[in-house]
Each structure stands twice: as C-alpha cells, then as structure tokens.
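The next block holds one structure in the form of structure tokens; read it before the comments.
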Amino acid sequence: MNRRLALLVLPLLLAVAGCTADNAGDEPAPRPAAGERPSPFRDCATLGTAPTAAATPGSGTKTPGTTAPAAGGQALPELTLSCFTGGAPVALRSVAGPAVINVWASWCPPCRKELPAFQRLSQRTTGQLQVVGVNSRDSRSGAQSIGEDFGVRFPILVDQGEALQRELKRNAIPLTLFVDADGRIRHIDATGALDDAQLAKLVRQHLGLTVPA
C-alpha cells in the first residue's frame, strides 16, 4: 500500500523544469514478449541512414540568412543501446544526423508534456532530420502507454542505466540533443518542456534547418 501511494504522489513532487530518477523506474524495460501488444514506435532499422536531404549535397531546407554551424562540437558518446521494438542494438554514434535526440520517461511530467511536439517535429521534418527518443529508467508498460496515448511514432532507444545522462554529466530529464550531419552535438537543452515554436527555433539556430509550419 505504501509503495502504491508513493507511486501516485511521485509525479506531483517532481520539479517542473526537470525530473530525476532517484526513486523512479524500478521496473526494467524487458524485450517484447510473445503475445504482447504491438509497439506504437517505429523500429530502429533506418537510424543509420542519413535523412534524404542531408544525404544529398546542397539539398535540404536551409534557413535564409543562416550558415551551417561552425566546426567543433562534442561527439555523441560511444554507447550501444537496445531498441524498444527489438532487433539489433544500436550504436549511438551510428545514428545519422542531423538528428534531434530526446531523453524522456513516462513518469516525468515535462517529458509527457513535450512529447507530442517532438512527434509533430518528426512529421514536419521528414527527409530533413531524424527525431529519436531515448527512454530512460522507465517501465516498458509505462513507455508503451505514453506512445499509444500521445501518438508517438518515432524510434525509441532504451537506456535503463542512464548511461547517456552519465556520459553527458546531466541528471534531470527531459534532455534534448541537437546533432549535426557529422554526428557532433551542437546543443544540449535542459530547460524543461519544449513546445513547437521553441523546437523550431532551436533546430534553426543549431542545425541551420527550417521546420515547415
């Protein structure tokens, strides 16, 4: 009874600007079992293939008056994560940019608030960039329910040990990485729930791409 009450009260105690997993996600996210309902998320098979526009030199929708980000930036951590839908594990550095990588969990209120905006970003930028989720310290059933309820369809990697956050020296989520076509992190956002306008601005500012309305 005490454990059940704690799980009900936990979301109210989490910070508005971000969530930590000190007391959350006790249940691991196992591989899908036989007879389990289908995952709402896309598989991870195409994550190593660059978006169509990025793969064609000189193509893509660049923001007028902007240039590509300057050289530099931090490389993605050398981690291998499982895919929510199963299949071969994915080396994070093999994710072909430009990409927006969002770290989230179902027990995190700002994560739930912003996920629909990331789904819309994925739909509006097909062929320009990849939107990828990293489900952190969560239960499989919780993540699955959020995907179904909010219509989240982009690929989801699973990081139950918070390895990515440790590598980036970041504790709270949501956490969003803006990765260029060379696989370099141009910006890490940890300001809380992002909306459509903020995402479009960050993509334009750090990746030099216009998000169609």
Side-chain angles (χ1 to χ4, degrees), residues 17 39-76 83-85 90 92-104 106 108-135 143 146-157 164 173-213:
S39 166
F41 310 118
R42 216 174 75 223
D43 66 45
C44 303
T46 62
L47 289 182
T49 303
T52 307
T56 305
S59 65
T61 307
K62 294 290 183 181
T63 301
T66 65
T67 58
Q74 174 186 357
L76 282 167
C83 181
F84 193 94
T85 59
V90 176
L92 197 59
R93 287 189 177 180
S94 73
V95 174
V100 173
I101 301 175
N102 178 243
V103 185
W104 65 281
S106 64
C108 167
C111 299
R112 296 197 301 270
K113 182 178 180 180
E114 70 177 3
L115 274 172
F118 281 91
Q119 175 58 30
R120 290 189 291 271
L121 178 67
S122 175
Q123 294 170 320
R124 291 168 179 166
T125 59
T126 300
Q128 285 186 258
L129 61 79
Q130 300 202 83
V131 176
V132 185
V134 176
N135 185 241
I146 289 296
E148 293 169 343
D149 293 346
F150 294 170
V152 178
R153 298 293 178 261
F154 49 83
I156 302 294
L157 301 175
L164 178 55
I173 57 174
L175 196 64
T176 303
L177 284 59
F178 294 82
V179 182
D180 67 16
D182 295 322
R184 312 291 293 185
I185 301 172
R186 313 307 313 190
H187 177 65
I188 299 176
D189 189 273
T191 58
L194 298 171
D195 59 23
D196 296 86
Q198 290 170 314
L199 276 174
K201 178 181 178 181
L202 290 168
V203 167
R204 182 174 64 251
Q205 180 179 353
H206 299 290
L207 301 180
L209 297 172
T210 298
V211 177

Using the side-chain contact (heavy atoms from CB on, under 4.5 Å) criterion, which residues pair with [X]? Sequence neighbours excluded.
X    : answer
T126 : none
A45  : D43
S122 : V131, F154
R120 : P116, A117, Q123, R124, D196

Hey, could you give me the [atom1]/[atom2] distance between [X] and [Y], rounded to the nearest 0.5 Å?
X    : Y    : atom1 : atom2 : result
L199 : D189 : CG    : CG    : 8.5 Å
R42  : T85  : CZ    : OG1   : 10.0 Å
I173 : T176 : CD1   : OG1   : 10.5 Å
I101 : L76  : CD1   : CG    : 5.0 Å

Side chain proximity check, [X] to [Y], heavy atoms < 4.5 angstrom:
X    : Y    : answer
L207 : L129 : yes
L121 : V100 : yes
I185 : F178 : no
L47  : V132 : yes
C83  : P155 : no
V103 : L164 : yes
L157 : F41  : no

Give me the atom names and distance for the closest heavy-atom approach of [X] to [Y].
X    : Y    : result
P174 : A193 : CG-N, 4.4 Å
A143 : F84  : CB-CE1, 3.7 Å
P51  : G127 : CB-O, 3.5 Å
R93  : A75  : NH2-CB, 4.0 Å
T49  : Q130 : O-NE2, 3.5 Å
I146 : R112 : CD1-CD, 3.4 Å

Exercise. Listed by chain and number, what are the side-chain hydrogen bond (donor to acceptor under 3.5 Å, both in side chains) partners of E114, not counting sequence neighbours?
Worked result: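 In terms of side-chain hydrogen bond (donor to acceptor under 3.5 Å, both in side chains), with neighbours along the sequence ignored, E114 is linked to N102.
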
Problem set entry | Plane angle bin for H187 and H206 - parallel if under 30°, tilted between 30 and 60°, otherwise perpendicular |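 H206 vs H187 ring planes: parallel.
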
Exercise. Backbone N or O of R184 within a donor-acceptor pair of the D182 side chain at under 3.5 Å?
Worked result: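 Between the backbone of R184 and the side chain of D182 there is no qualifying donor-acceptor contact (under 3.5 Å).
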
Exercise. Is the side chain of Q128 donor-acceptor paired with the backbone N or O of T210 at a distance under 3.5 Å, no angle test?
Worked result: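 Yes: the side chain of Q128 pairs with the backbone of T210.
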
Problem set entry | Sequence-distant partners of F118, ring-ring contact (aromatic ring centres under 6.0 Å, His included), two or more places apart |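 F118 satisfies ring-ring contact (aromatic ring centres under 6.0 Å, His included) with no other residue.
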
